[in-house]
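One structure is given here, and the rest of the page talks about it.
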Amino acid sequence: VIAIILTIMVLDLRPPGYAIDHDTLSNLTSYLTPKLSVYAMSFVIVARIWVSHHQLLFAAAHTTPRLMWLNLLLLFFMSLIPFATGYLGEDPFRELAVATYSTIMFLTASTFTWLRYYVTTRLRNPEHAGHLHPGLMRRSYLGMALYALGVPCAYVSIYLSYLFFVLVPVISFLNDLQWRAKTIDAQVRARDSD
């Protein structure tokens with residue numbers, strides 16, 4: 001389903017419905033740049049959710065009906081991301097478009113946080129506990145907060161909202177790199193002590 005969401009987003013990258021001067025690269029670039037930028041940002045966000053989702057479900061000991069419903073709720077909000085991406089790509093400086101995008105991202109992040117909390121507290125598989133390190137919940141709460149702040153900021157400074165949109169996956173990547181470095185360091189120290 002997530003792969004389909006990524007595919008649907010790219011369908012909004014189509015030629016304009018009105019005549020533009022195709023002989024002028026600057027006109028074509030000015031038309032495509034906002035769309036490609038928003039698409040790339042959304043692609044990275046959805047890809048990051050996909051990787052995190054895979055790791056989360058890998059760490060679950062088993063499935064339950066509640067896990068399945070939470071997962072479906074997450075997929076529902078994620079399925080709205082192509083709409084928000086298309087809307088924002090069409091009018092990247094409209095406050096309502098930025099607020100709509102931020103709202104859908106907030107709902108997606110909130111649902112993912114709820115899913116992560118459920119797996120961490122109820123379904124944790126001890127063999128794969130490393131996929132559920134404590135920093136993940138903090139990162140989830142931070143992502144929710146940044147997306148939530150993006151809604152009112154859209155009416156004050158859309159650039160601040162865009163900063164929040166970019167910060168969430170950047171923080172996620174940096175957190176993962178830090179966690180992997182700690183894990184590798186711990187493994188090296190364990191081997192050295194043997």
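Values reported hereafter were calculated over all heavy atoms of this structure, with side chains retained and with hydrogens, waters and symmetry mates removed.
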Handout entry: Distance (rounded to the nearest 0.5 Å) between Leu11 CG and Leu6 CG
Key = 11.5 Å
Problem - Side-chain touch Thr100/Leu88, heavy atoms, less than 4.5 angstrom - result: no
Practice task
Could you give me the CA-CA distance, side-chain angles and deciding distance for Met78 and Trp50, then say whether side-chain contact (heavy atoms from CB on, under 4.5 Å) is met?
Solution key: CA-CA 10 Å; Met78 287 185 73; Trp50 193 358; 5.9 Å; no
Practice task
Decide yes or no for Tyr118 and Asn71: does some side-chain heavy atom of the first lie under 4.5 Å from some side-chain heavy atom of the second?
Solution key: no
Practice task
State yes or no: do Tyr87 and Ile8 share one hydrophobic cluster built from I, L, V, M, F, W and Y residues joined by side-chain heavy-atom distances below 4.5 Å, directly or via other members?
Solution key: no
Handout entry: Minimum side-chain heavy-atom gap His62-Thr64 below 4.5 Å
Key = yes
Problem - For the student: nearest non-hydrogen atoms of Leu74 and Thr111, plus distance - result: N-CG2, 3.3 Å
Handout entry: Nearest-0.5 Å distance that lies between atom SG in Cys153 and atom CD in Glu95
Key = 12.5 Å
Practice task
Using the rule that two of Ile, Leu, Val, Met, Phe, Trp, Tyr join whenever any of their side-chain heavy atoms come within less than 4.5 Å, decide whether Val151 and Met144 are in one cluster.
Solution key: no
Exercise for the section: Report the distance from atom OG of Ser52 to atom CZ of Arg116, rounding to the nearest 0.5 Å. Expected result: 5.0 Å
Exercise for the section: Carefully, step by step, assess Ile81 and Ile104 under the rule side-chain contact (heavy atoms from CB on, under 4.5 Å). Expected result: CA-CA 7 Å; Ile81 293 174; Ile104 290 172; 4.0 Å; yes
Exercise for the section: Output the distance between atom CZ (Phe106) and atom CG (Leu146), rounded to the nearest 0.5 Å. Expected result: 11.5 Å
Problem - Shared hydrophobic cluster, Val1 / Val10 (ILVMFWY, side-chain heavy atoms < 4.5 Å) - result: yes
Practice task
Tell me whether Tyr101 is reachable from Val156 by hopping between hydrophobic residues (I, L, V, M, F, W, Y) whose side-chain heavy atoms are closer than 4.5 Å.
Solution key: no
Completion exercise
Here the pair of heavy atoms bringing Thr85 nearest to Val38 is O-CG1, 3.5 Å
Problem - Phe77 atom CZ: more than 12 heavy-atom contacts under 6.0 Å - result: yes
Which atom pairs, donor and acceptor, lie under 3.5 Å between side-chain atoms of residues 159-170 and protein residues at least two apart or in another chain?
from	atom 1	to	atom 2	distance (Å)
Ser161	OG	Gly150	O	2.7
Ser161	OG	Ala154	N	3.1
Tyr162	OH	Pro92	O	2.6

Handout entry: Nearest-0.5 Å distance that lies between atom CG in Leu142 and atom CZ in Arg138
Key = 10.5 Å
Problem - Residue pair Thr103 / Leu107, side-chain heavy-atom distance below 4.5 Å - result: yes
Problem - Verdict with supporting geometry, Leu75 and Ile2, side-chain contact (heavy atoms from CB on, under 4.5 Å) - result: CA-CA 8 Å; Leu75 292 175; Ile2 297 173; 4.1 Å; yes
Exercise for the section: Would you name the heavy atoms of Ser140 and Phe112 that are closest together and state the gap between them? Expected result: OG-CD2, 4.4 Å
Exercise for the section: Hey, can you tell me if Phe43 and Tyr39 have their rings parallel, tilted or perpendicular (30° and 60° cut-offs)? Expected result: tilted
Practice task
Take Phe76 and Leu72 through the test side-chain contact (heavy atoms from CB on, under 4.5 Å) and record every step on the way to the result.
Solution key: CA-CA 6 Å; Phe76 171 76; Leu72 286 170; over 6 Å; no
Problem - Nearest-0.5 Å distance that lies between atom CE in Met9 and atom CD1 in Ile45 - result: 9.0 Å
Exercise for the section: Kindly indicate whether the side chain of Trp69, heavy atoms from C-beta on, has any atom under 4.5 Å from the side chain of Leu73. Expected result: no
Handout entry: Sidechain-backbone polar pair: Ser102 side chain, Tyr147 backbone, donor-acceptor under 3.5 Å
Key = yes
